[in-house]
Amino acid sequence: MINMSIGNTTNLKLIFQQNEKIPVILITMIFFFCASYVAIFHHPYFSEDDGMFYLRIGEEILKGNYQNIKIPDAPPGGPIFYAFIDQFVNDGFLVLKSIAVIGSTGIVFVSYYIIRNCFNYKIAIISQLLIATNFKLFYLSYSALNEVIPLLLIFTSLYFITKQKFSLYDIVFSSILLGVAFSFRYQALLILIPIIIYLSIRNRKIKINFKKIIIYSTFFILASSPILILNFTTHE
């Protein structure tokens with residue numbers, strides 16, 4: 001019996017070593033099911049002001065009433081997105097909770113690959129575990145707030161830019177995702193600054209680095225320009 005159990009354990013280790021994606025997917029799915037369980041059975045009523053506030057604003061924007069609305073601490077990207085999705089569901093609380101569960105699960109999944117770009121497998125999987133068991137992220141995973149989607153976009157943006165060898169397409173994808181995140185939360189601009197610094201000091205090829213910075217900044221502005229233009233034309 002002992003030999004059989006040792007053999008089974010060895011086989012599992014070999015399977016995990018041969019396919020790194022198995023534990024990554026397992027951690028992601030466990031997080032998803034736990035977040036879904038809490039969202040469905042232990043968070044049945046609206047208790048947050050943030051998400052529903054933005055959703056109602058988004059409904060007014062889609063009605064063409066944006067000139068009478070000013071959002072004090074966020075761009076209108078989030079409100080428009082939530083209200084657009086809710087048009088097909090007609091249950092704002094369910095929409096926000098579903099987005100929170102799916103978005104936070106995506107963060108847990110992408111976090112492994114970001115860290116894997118920089119470190120080895122063991123460090124990446126341990127880091128993913130720490131992120132998956134983080135209380136603040138788990139709270140966001142079932143709460144009707146305006147935080148998860150910009151975080152997911154920022155994490156995905158970092159995945160492309162943390163590759164050991166990233167191409168022009170990686171730079172474009174990263175900058176577009178960060179620009180869209182800026183349309184949800186202005187704090188995404190704080191991520192742009194260190195990325196530009198990183199691109200400038202990544203190696204000694206000054207001209208190439210400068211071109212990458214220009215490309216990154218250009219596509220970031222293009223991705224965030226619809227919201228900036230909407231704000232400027234409506235509220236100057």
Side-chain angles (χ1 to χ4, degrees), residues 24-25 27-63 66 69 71-114 128 131-160 173-174 176-191 223-224 226-227 230-231:
V24 176
I25 294 172
I27 293 171
T28 304
M29 294 307 297
I30 290 171
F31 180 91
F32 172 77
F33 287 123
C34 291
S36 299
Y37 173 78
V38 174
I40 295 170
F41 297 105
H42 295 280
H43 194 51
Y45 57 89
F46 170 67
S47 61
E48 298 89 12
D49 295 331
D50 191 62
M52 292 299 293
F53 169 75
Y54 289 123
L55 189 144
R56 299 308 177 203
I57 288 177
E59 290 175 347
E60 293 300 317
I61 294 174
L62 293 181
K63 292 176 183 177
Y66 187 47
I69 296 173
I71 310 173
D73 58 351
I80 294 172
F81 176 72
Y82 305 136
F84 176 77
I85 298 297
D86 190 43
Q87 286 183 332
F88 304 98
V89 181
N90 200 27
D91 187 339
F93 187 47
L94 176 62
V95 167
L96 291 169
K97 286 200 301 181
S98 300
I99 290 173
V101 171
I102 296 170
S104 57
T105 302
I107 291 171
V108 172
F109 180 74
V110 174
S111 65
Y112 167 82
Y113 291 97
I114 296 173
Q128 187 194 25
I131 292 171
T133 54
N134 182 275
F135 172 77
K136 291 184 178 179
L137 178 62
F138 191 72
Y139 171 73
L140 291 176
S141 70
Y142 60 83
S143 301
L145 299 171
N146 182 38
E147 309 294 341
V148 171
I149 292 299
L151 280 175
L152 175 61
L153 291 169
I154 289 171
F155 268 66
T156 310
S157 173
L158 290 175
Y159 162 72
F160 288 104
F173 289 145
S174 176
I176 290 175
L177 289 169
L178 194 62
V180 176
F182 178 79
S183 300
F184 282 74
R185 282 293 191 188
Y186 292 124
Q187 288 85 341
L189 187 63
L190 299 176
I191 308 299
S224 58
I227 297 302
L230 178 63
N231 273 339

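The chain is numbered in sequence order, starting from 1.
Residues Ser104 and Leu140 have side chains not in contact (no heavy-atom distance under 4.5 Å, counting atoms from C-beta outward). Counting only heavy atoms from C-beta outward, the side chains of Tyr82 and Asn146 approach each other to under 4.5 Å. Within the 4.5 Å cutoff, the side chain of Val110 has heavy atoms near those of the Ile114 side chain. Leu178 has its side chain out of reach of Leu158: every pair of non-hydrogen atoms, C-beta onward, lies at least 4.5 Å apart.
Across all non-hydrogen atoms, the minimal contact from Gly92 to Leu55 is CA-CD1, 3.7 Å. Summarising the geometry of Ala181 relative to Pro150, their closest heavy-atom pair is CB-O, 3.8 Å, with the distance given to 0.1 Å. When all heavy atoms are compared, the tightest approach of Gly179 to Ala223 is CA-CB, 3.8 Å. In terms of heavy atoms, Val101 sits closest to Ala39 at CG2-CB, 3.9 Å.
In Phe173, the CZ atom is not crowded: 12 or fewer heavy atoms of neighbouring residues, nucleotides or ligands sit closer than 6.0 Å.
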Give the intermediate values and the outcome of ring-ring contact (aromatic ring centres under 6.0 Å, His included) for residues Tyr112 and Phe109.
CA-CA 6 Å; Tyr112 167 82; Phe109 180 74; 8.1 Å; no

side-chain contact (heavy atoms from CB on, under 4.5 Å) for Ile131 and Ser111? Distances and angles first, verdict last.
CA-CA 8 Å; Ile131 292 171; Ser111 65; 3.4 Å; yes

Using the rule given for side-chain contact (heavy atoms from CB on, under 4.5 Å), can you reason through Gln128 versus Thr28, listing the C-alpha separation, both sets of side-chain angles and the distance that settles it, and then say yes or no?
CA-CA 9 Å; Gln128 187 194 25; Thr28 304; 3.4 Å; yes

Apply side-chain contact (heavy atoms from CB on, under 4.5 Å) to Glu59 and Gln87, showing your working.
CA-CA 9 Å; Glu59 290 175 347; Gln87 286 183 332; over 6 Å; no

Given side-chain contact (heavy atoms from CB on, under 4.5 Å), test Leu137 with Ile107 step by step and report yes or no.
CA-CA 9 Å; Leu137 178 62; Ile107 291 171; 4.1 Å; yes

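A distance-only check finds no donor-acceptor pair linking the side chain of Asp86 to the backbone of Val89 [under 3.5 Å]. Distance alone, capped at 3.5 Å, is enough to place a donor-acceptor pair between the Ser141 side chain and the Phe138 backbone. The backbone N or O of Leu153 lies less than 3.5 Å from no partner atom in the side chain of Ser157, so there is not a single donor-acceptor pair.
No side-chain donor-acceptor contact under 3.5 Å links Ser224 and Ser183.
Of the residues Phe53, Tyr54, Phe84, the one that meets the side-chain contact (heavy atoms from CB on, under 4.5 Å) test with Pro79 is Tyr54.
Two rings, from Phe81 and Phe184, have their centers less than 6.0 Å apart. A distance below 6.0 Å separates the ring centres of Phe182 and Tyr186.
Once rounded to the nearest 0.5 Å, the distance linking CG of Leu190 with CD1 of Ile154 reads 8.5 Å. Taken to the nearest 0.5 Å, the CE atom of Met29 stands 8.5 Å off from the OG atom of Ser36. Atoms CD and CG, on Gln187 and Leu151 in that order, are 9.5 Å from each other to the nearest 0.5 Å. In this structure, CD1 on Ile40 lies 9.0 Å from CG on Leu94, to the nearest 0.5 angstrom. The OG1 atom of Thr156 sits 6.0 Å away from atom CG of Leu177, with the distance rounded to the nearest 0.5 Å. The line from CD1 of Ile102 to CD1 of Ile149 is 8.5 Å long, rounded to the nearest 0.5 Å.
Residue pairs meeting the salt bridge (Lys or Arg N to Asp or Glu O under 4.0 Å) criterion with at least one partner in residues 30-39, sequence neighbours excluded, do not occur; the list is empty.
Tyr139 and Phe135 have parallel rings, their planes meeting at less than 30° on a 0 to 90° scale where 60° marks the start of perpendicular.
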